[in-house]
Amino acid sequence: VKHASSELITLAEEFRRFRSPLFRPRTWRPTHASRGVPDYAAVVQAQRAGLPKYQARLAALDPRQWPVHDQVDYLLLRAEMDDVDFEHRVLREAVTNPAFYAEQAIDGVAAELRGTVPYTAERADAIIAAFERTGPILEQGPKTLVLGEASADLGRVGLRHLKDIRAKYTAGAKLFAPHVPESHRGRLTAAIDKASAALESYRRWIEANLAAMKGKPHVGREAMEWYFRRVNFVPWTVSELLYLGETEKNRFLMSIEIEETKNGGEKPLTMPTTDDWIEWFRLTYLQTKYWLKDRDLISVPPHVGESYLARGTWQEPFGGIGNRPGLLGFAPDAPPQPSKRLFVVPEDHWFTKTYWERTMRLDPITDYQHSDWPGHYFEGEVTRRNPCPIRAVHRDTGFSQGWAHYWEEFFLDMGYPYLRGPRTRELTYNFLLLRAVRVPLDVSLSDGTLTMEEAVKYQIDRVPTMEEHISRAEVELYVRWPYQAASYIVGKKQIEQILAERIVQGRYDVNWREFHDAMLSFGQIPPALVRWEMTGHDDQIKKFWDAPALSSQP
Amino acid sequence: VILLVACDARAGTLDDLAREFWQWRALQQPLSHDDIPRIERPVGWVPDWSRATVETRRRELASFVAQWKAIDVSASDVPTQVDYRLMGSALTRVRWELDITRGWRRNPLFYVAQTMGGVFGLPPPPFNEARSRQMVLHLQSIPSTVAAPRENLDEPVRAFAELAIGELRNVRERLTTVARELAPQLSSAAARELPDATERAIVALEEYRGWLQAGLGRMDTRTAVGQDQYVWFQSNVALVPDAPQELLAMGRQEWERAVSFEAYEKARNAGLPELPIVATVEAHLKKQAEDEEAVRQFLSEKRLLSVPPWVKRYRNLLSPPYLAPLTSMGVTDDLTGPSRLDQDGVHYIRRPSPDLPYLFLSMARDPRGIIVHEGIPGHDLQMVLSWAHENPIRRHYYDSNSHEGIGFYVEEMMLQAGLFDSPPRAREIIYNFMRLRALRVEVDVRLATGEFTIPQGADYLARTVPMDRATALEEAAWFAAGPGQAITCQISKRQILRLLADARRIRGDAFVLRAFPDFVWKNGNVPLSLQRWEMPGLRDDVDTIDRSAAASIGSPQR
């Protein structure tokens, strides 16, 4: 890909090296590449001080005469800079979020535990070092957090992370110590003990200072709207999003009612054992792959392999992030390449009763098209290979979640042959309903209309089978990440918009493979920008150019 | 006890007003192309749009409004307050017709509907003495009806005049055919008077056409009713809480969904043959009758909705030769009326052919789409249930929004429930209906608010449907002539889904899908914002409407 301006590419490379990975939303936080103990206050200062220089260099470029592709790349880079600005002007996690330091310490350990066992001596050293970083990371919390601005709600998130933390670390040690070389086990035990003490101490500090924390967890209406427009390129106003969300929510509720009524005589779906589920999952992979191929719906590149399940275990807080804090495995073999492996727990574990897990176990396809083929895994493997250096790295939740969510209703309406019968349709509409409910949830959580506790209940009250574990984990993520919750259904609607417009442009003749391949060819970028490139419609773009920078906001 | 007496007294006053108003409305309400507002008229009724009569009606309307305002229902129960608002809406609709859209002053097509529309004899034969007499009387009234516009049309709109001129093309040939085919059906006395009445009507209509043609150059090219007036209509007459921008956003999103879903269906059915067109009229009628019965059974088996056994059939008949020249005058169906609940609902069809117009072609391929929307469980069932309502206000009040919303909602409900799963491609028809309804929103709102001229609306239709530009121009002019009508399906389907969702949330596990239509269908004449207030007890839409109405022009609502 040759760009009109080589300076744009140079700037992107330099800016991305400059951007600290420490402050990105939790699911995206990389695995502490530096492996040192960051000086958070200094990093924040450096980010704030350095950012304007990159923004000035970008502003000095005049993209208006560039090809559309290059103009889009300009906007993408601008959004990445805006995101950093948002991290340090609005979110300010190092100053306002007591849970931040606990997450930094814990996630750093969890990241080192991934991979195959037995651990080599070098990896064991890295694991021990991660435990040893715990104290130095946590010590910075009380020094850097500003109590008057810190949020007690986020403090309580930290307390939940740290509940029974010594017992959890001790139990974790029993699980992974056998995989560490014997020569390292003594140091490991000592490091875990020291880390536990530091975490307990930090927990006591949060408890003691909770009452003094006077800040709010939410970003506020103005910041939310700015973020939607400048970082996520959402073409619709907040009231339009709410209207959209409500329309879709009601439609999905109707669908659930009708499906349940229609399936009244059908046998209820039975919960499989974990071994049976692993097999159902494999069947789902095969059926989905060949259904997509047979229908010629999308090209299947060689770098997308099987996604599969493997037996694992549960030990918080070393597992996956978010709602899977304890899900991990110790596999002696590396997954074949290409492939995606996900660990799962035995069928008698409490986690199997949680919202997502329960439904996915009833029929894997309920999430398979979203998370695996042709959703996140598939899309991620394609878009990260984009030949444009700006697009290969850019990540956008509107595209990522919109794409994954789009397929759920596509499968429903395209007549996907559900392996477990028609009751799967009820479950799929339930997932669709949740995403529609998240639109008002996102807005209300971000503008402070709902407290975090109210938001947890809001989802439970509106989505059948939703429960506290999942709802809470999601709310804790969404409150610090505006638009993420809404991006599923909004991104889906944007893809439907592009599809409809391409259908009209093609005089109602659709080549599905070409459409889906084209969608992925633009990279994981905001759908509004995909629309501009794909349909030529620039009606949504003007407002993105005109939106002011955060630094110019009052 | 005291409260009950007080409520009864108020309700009685409201009922008195309603009784007088509906009697008056049966005389005054203009004929229209839409099948929903068709009402039963008194014997011997003919349209009268002379200036003097209009002025009298204005005074009578003011008197009704004064009576209505004098009634205080603020302490009454919600159903009484709903009835009160229904009467407010009905009164305001008259003002909308007389003073805002003022078709009698702006729209030459209005007089085509008042004349040719009255010859449009929809209930199937027999034509008894009274009905025969009525037909002749109407023909005899045409010369005086088309004399009125010469005095009334002081703000004529050119685009509407062109539509009227088009409608009156070949009027001699058409009415002559009607008279020839109708004569054997009529009583002998009426049949004797028919030729003369027809000839006078033809001459009058030809003269009207010529008069319009001569005046085209002086007519107004602006068609939009205006943003404020459009909002006023939605808030005060239709009682719709959504703002135009919300309607546009919804219309676009639904259009995008419909285009996408229709494309999914086509992909799903790739390689399969098109649905065949039924070979003969007899085969069509047989299939339609079987399908109508199958739809009833499906509703029962899937526990979606109850059809009371007393509800008569909804059936197709071949369009009689006396109707054929007049099919452009409106929907060719007869859904009966409050006094004819013992009769079948009828939708006339044409002889099967690949060249049939859109809806007729869909019926020739699969009658179920129209059975569901127009018949059972759509318009026919809902209107019959509403016409049997014990409350005369709700029996007589009409509002195309809720009717069309129900008709449109049941299409997707039945599709989702699996009615159209077989034969393959049947689902495509339903998504195609959905697509066309969604794109009307954009055209209706933008034409009404002035964001589209008719050529711009035509460009949009030509590009999006797609269709040829000449037809698109005509369609756009039709939309402009009846602001707020083309969007009723989409608006109200959204409201029904919202009502269902909230009723389900409030009732929780006690919610039963089949029980939902029992209320909504019976009260199907009532705007959904009011049903929402009465059934699940949510007055959010009513509050939104009140705020909007208070901010808009000259509202008679409170």
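In the displayed structure, B:Tyr358 atom OH is contacted under 6.0 Å by more than 12 heavy atoms of other residues, nucleotides or ligands. More than 12 heavy atoms of other residues, nucleotides or ligands sit less than 6.0 Å from atom CG of A:Asp546.
Across B:Gln253, B:Lys302, B:Arg257, B:Arg505, the residue that shares the most heavy-atom pairs under 4.5 angstrom with chain A is B:Arg257. Contact tally against chain B (heavy-atom pairs below 4.5 Å) for A:Lys249, A:Met254, A:Arg251, A:Glu496: the top residue is A:Arg251. For the set A:Asp461, A:Leu499, A:Leu253, A:Thr261, the count of heavy-atom pairs under 4.5 angstrom toward chain B peaks at A:Thr261. Chain A forms the most heavy-atom pairs under 4.5 Å with one residue out of B:Ala267, B:Ala258, B:Ala270, and that residue is B:Ala267. Interface check for chain A: of the options B:Trp255, B:Tyr264, B:Phe511, the most heavy-atom pairs under 4.5 Å are formed by B:Tyr264. Ranked by heavy-atom pairs under 4.5 Å with chain B, the list A:Arg462, A:Gln505, A:Glu409 is led by A:Glu409.
Of the two parts of B:Val465, only the backbone, made up of N, CA, C and O, holds a non-hydrogen atom closer than 4.5 Å to a non-hydrogen atom of chain A. Neither the backbone nor the side chain of B:Glu301 comes within contact range of chain A; no heavy atom of the residue lies under 4.5 Å from a heavy atom of that chain. Heavy atoms closer than 4.5 Å to chain B are found in the side chain of A:Glu246, but not in its backbone. Contacts between B:Phe516 and chain A at a heavy-atom distance below 4.5 Å are absent for every atom of the residue. When heavy atoms are compared at a cutoff of 4.5 Å, A:Leu244 approaches chain B by way of both its backbone and its side chain. For A:Arg425, the part sitting under 4.5 Å from any heavy atom of chain B is the side chain, from C-beta outward, and nothing else. Of the two parts of A:Phe410, the backbone and the side chain both hold a non-hydrogen atom closer than 4.5 Å to a non-hydrogen atom of chain B. In this structure, chain B has no heavy atom under 4.5 Å from any part of A:Pro422. Contacts of B:Arg427 with chain A are made by side-chain atoms alone, with heavy-atom separations under 4.5 Å and no backbone atom involved. Only the side chain of A:Ile256 has a heavy atom closer than 4.5 Å to any heavy atom of chain B. Interface residue B:Arg504: only side-chain heavy atoms are found under 4.5 Å from chain A. With a threshold of 4.5 angstrom between heavy atoms, B:Arg514 does not approach chain A through any atom at all.
The shortest non-hydrogen separation linking A:Asp413 to B:Glu265 is O-OE2, 3.4 Å. When all heavy atoms of A:Ala500 and B:Glu256 are compared, the closest pair comes out as CB-CA, 3.7 Å.
One finds the CD1 atom of B:Ile496 at 11.5 Å from the CG atom of A:Asn250 (value rounded to the nearest 0.5 Å). Distance check, rounded to the nearest 0.5 Å: CG of B:Leu415 to CD1 of A:Ile258 gives 9.0 Å. Summarising the geometry, atom OG belonging to B:Ser260 is positioned 8.0 Å from atom NZ belonging to A:Lys493; distances are rounded to the nearest 0.5 Å. To the nearest 0.5 Å, atoms CD (B:Glu262) and OH (A:Tyr508) are separated by 7.0 Å. Taking OG from A:Ser239 and CD from B:Gln245, the interatomic distance works out to 9.5 Å, rounded to the nearest 0.5 Å. To the nearest 0.5 angstrom, A:Glu257 atom CD is 10.5 Å from B:Leu304 atom CG.
Between the side chains of A:Tyr429 and B:Gln416, a donor-acceptor pair is found at a separation under 3.5 Å. For the 3.5 Å distance criterion, the side chains of A:Tyr416 and B:Arg268 fail to qualify, holding no donor opposite an acceptor. No hydrogens or angles considered: a donor-acceptor pair under 3.5 Å links the side chains of B:Arg494 and A:Thr247.
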